[in-house]
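Notes follow once the structure below has been shown.
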Number of protein chains: 2
Amino acid sequence: MKEGPDIARVAALIGDPARANILTALMSGKALTATELAQEAGVTLQTASSHLARLDQGGLLRPRKQGRHKYFSLASDEVAHVLEALMGLAAGSGHLRTRTGPKDLALRRARVCYNHLAGEMGIQLYQSLMARGFIAQYSDTLELQPSGAAFVRAFGIDIDTLSAARAPLCRDCLDWSARQSHLAGSLGRAFLSRFEQLGWARRDGKTRIIRFSAAGDQAFATTFDVPDPGSELPHE
Amino acid sequence: MKEGPDIARVAALIGDPARANILTALMSGKALTATELAQEAGVTLQTASSHLARLDQGGLLRPRKQGRHKYFSLASDEVAHVLEALMGLAAGSGHLRTRTGPKDLALRRARVCYNHLAGEMGIQLYQSLMARGFIAQYSDTLELQPSGAAFVRAFGIDIDTLSAARAPLCRDCLDWSARQSHLAGSLGRAFLSRFEQLGWARRDGKTRIIRFSAAGDQAFATTFDVPDPGSELPHE
DNA sequence: TTCATAGTTCGATGGTGGCCGAAGCATTGC
DNA sequence: GCAATGCTTCGGCCACCATCGAACTATGAA
């Protein structure tokens, strides 16, 4: 009679227009805030908050609190797979609404975010450290590996002083232009000040733009090279 | 805001418990009458009739009138695929409706999924064909290779009749219990009926369980051997 | 500190839809 | 013709839930 998992529960979650809009918007793979998702769904923030709580409880979303923002993304590839299959059934082509972030190109490239480097270059820094195994993610926290500590020391950052501080050494911070993770925490701050110290970059006085010199840009590119992730097998 | 594939409409159709029960019952591949489905869903005939009309209008069912009976079956493999995917999600979020029992074990071992073989044995069939190069995945579609066609013919399946049909020959279907692909499509159906024809297996009348005889199980194991499971990367 | 913004919670309202009893067709059998 | 069976439609009842205004909390900025 009643065999297998409760598909009605999950389907009912997706079955509301507002929630379906939210999930569809998240199919882009980018993390979006509650306010943005409310706009996407065409409902007020209160209503969206309720929907987001339900979707979260249903295991379809993965929320990340960041300051006073709360970013949501799909919980897994499996969720995206179900949504795509449903779109196929609905016999239409998924039309994705893309929302552009900051207009300023320089802001997208490199800017300061709570005293650490954000933007494309921040993401590159993060991904470079991650791809080389210098930092690793355990469940919910980011940890600096021994090899990473050596690298950081060699780069001229006094890691021991940082470790003594109360604030977490590593944190990942969601970028608001590209919506990908970059390095935050005291280590992130240390990297930025080291860049300034080395003369690679300087902060713009009035805006949040970080301007790299030509030499600094070059040095950054070689130091934080991101190895080609071509060997990774695309799942599905 | 209402543009694009209306996944909410489809999901809402599946999202009702009674309708979900109806669809789940039809996953067996057998066509069932309105009265039988009403029993299956645990509602009165009037209510079921309303549900069936909505499911039909939503394109999820294919009704066939026969005398004073009305038989329903799933509209397509795609519907079955969506349902299986939803089961995977629901099972993953740890919301199983049934406690694991002996019947559940048999279901995980071998069951029917819209007329093709699912469960561990279905996965084995799929992986065996895949590992030996009989079928291959191109971008989004599954294709039967020439060597595979020869194998299928030797196994006693009339491949040419199948190819003539408009429905896709091969399709992969995500298993909700093991979360791996198994073979669907008309070829998947042909394999299952061939198994029955050979006396290897027979379907349970009331459930979705497929019962293999001892000899059939043996023959299946040797015919669809999966070469060298050792070198495969431990996936998660 | 005070103000502004992001998000949550609460309460009230209204609409949608699931449900079933009863009546209405339709097909088969006598 | 009449009766029986399978299914559909109609009408009303009722529960659920999506929605939003307003109040509240939390974090960041001046």
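Quick note on labels: first sequence line is chain A, next is B, and so on, each numbered from 1.
- Looking only at side-chain heavy atoms (C-beta outward), A:Leu89 and B:Leu60 come within less than 4.5 Å of each other.
- Residues satisfying the side chain to side chain contact (heavy atoms under 4.5 Å, CB included) test with A:Ala85, not counting sequence neighbours, are B:His81, B:Val82.
- By the side chain to side chain contact (heavy atoms under 4.5 Å, CB included) test, B:Arg194 pairs with B:Phe155, B:Ile157, B:Gln197, B:Leu198, sequence neighbours left out.
- Contact of the A:Leu83 side chain with the A:Thr24 side chain is not registered, since no non-hydrogen atoms from C-beta on lie closer than 4.5 Å.
- Contact check, B:His51 against C:dC19: a side-chain N or O comes under 4.0 Å of OP1 or OP2.
- A:Gln218 is linked by a side chain to side chain contact (heavy atoms under 4.5 Å, CB included) to nothing, counting only residues two or more places apart in sequence or in another chain.
- For B:Glu36, the side-chain hydrogen bond (donor to acceptor under 3.5 Å, both in side chains) test picks out B:Thr33, with sequence neighbours left out.
- Regarding B:Leu37, its CG atom lies at a distance of 15 Å from the C1' atom of D:dT8, rounded to whole Å.
- Comparing D:dT9, C:dG17, D:dT19 against the side chain of B:Arg54 picks out C:dG17 as the nearest.
- B:Ser50 comes within 4.0 angstrom of nothing in the nucleic acid, heavy atoms only.
- Not counting sequence neighbours, B:Arg62 has no partner by the salt bridge (Lys or Arg N to Asp or Glu O under 4.0 Å) test.
- Protein atom CD of A:Gln39 is 10 Å distant from nucleotide atom P of C:dA6, rounded to whole Å.
- Ranking D:dC7, C:dT9, C:dC19 by closeness to the B:Thr33 side chain, first place goes to D:dC7.
- For B:Ala34, taking side-chain heavy atoms from C-beta onward, the closest of the listed nucleotides D:dC7, C:dC20, D:dT19 is D:dC7.
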Return a table of donor-acceptor pairs under 3.5 angstrom between the side chains of residues 46-57 of chain B and protein atoms on other chains or two or more places apart.
{"residue": "B:Gln46", "atom": "OE1", "partner": "B:Thr44", "partner atom": "OG1", "Å": "3.3"}
{"residue": "B:Thr47", "atom": "OG1", "partner": "B:Thr44", "partner atom": "OG1", "Å": "3.1"}
{"residue": "B:His51", "atom": "ND1", "partner": "B:Arg19", "partner atom": "NH1", "Å": "3.1"}

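- A:Asp225 pairs by the salt bridge (Lys or Arg N to Asp or Glu O under 4.0 Å) definition with nothing, not counting sequence neighbours.
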For nucleotides 11-14 of chain D, print each protein N/O atom paired with a nucleotide N/O atom at under 3.5 Å, atom names and distance only.
none

Short heteroatom pairs, N/O only, protein and nucleotides 21-30 of chain C, under 3.5 Å:
{"residue": "C:dG21", "atom": "N7", "partner": "B:Gln46", "partner atom": "NE2", "Å": "2.6"}

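- Dashed line: the shortest gap from a side-chain N or O of A:Thr47 to OP1 or OP2 of D:dT19 is not under 4.0 Å.
- Partners of A:Ser213 according to the side chain to side chain contact (heavy atoms under 4.5 Å, CB included) rule, which considers only residues two or more places apart in sequence or in another chain, are A:Ala215.
- What separates CG of A:Asp16 from P of D:dC16 is a distance of 17 Å, to the nearest Å.
- The A:Leu45 side chain lies nearest to C:dT8 when the options are D:dA18, D:dC7, C:dT8.
- Counting only heavy atoms from C-beta outward, the side chains of A:Phe151 and A:Leu129 approach each other to under 4.5 Å.
- A straight line from CZ of A:Arg9 to C1' of D:dC16 spans 14 Å, rounded to a whole angstrom.
- Atom pair B:Asn21:CG and C:dC19:C1' shows a separation of 15 Å (rounding to whole Å applied).
- Remark: A:Phe212 pairs with A:Phe220 by the ring-ring contact (aromatic ring centres under 6.0 Å, His included) rule, at least two apart or across chains.
- At the phosphate of C:dT8, OP1 or OP2 sits under 4.0 Å from a side-chain N or O atom of A:Lys70.
- At whole-Å resolution of the value, CG in B:Leu52 and C1' in C:dG18 are 14 Å apart.
- Proximity of residues 55-64 of chain B to DNA chain D (heavy atom under 4.0 angstrom from any strand atom) is not detected for any residue.
- Backbone-only engagement by A:Ala18 is indicated by non-hydrogen atom pairs under 4.0 Å involving sugar-phosphate atoms exclusively.
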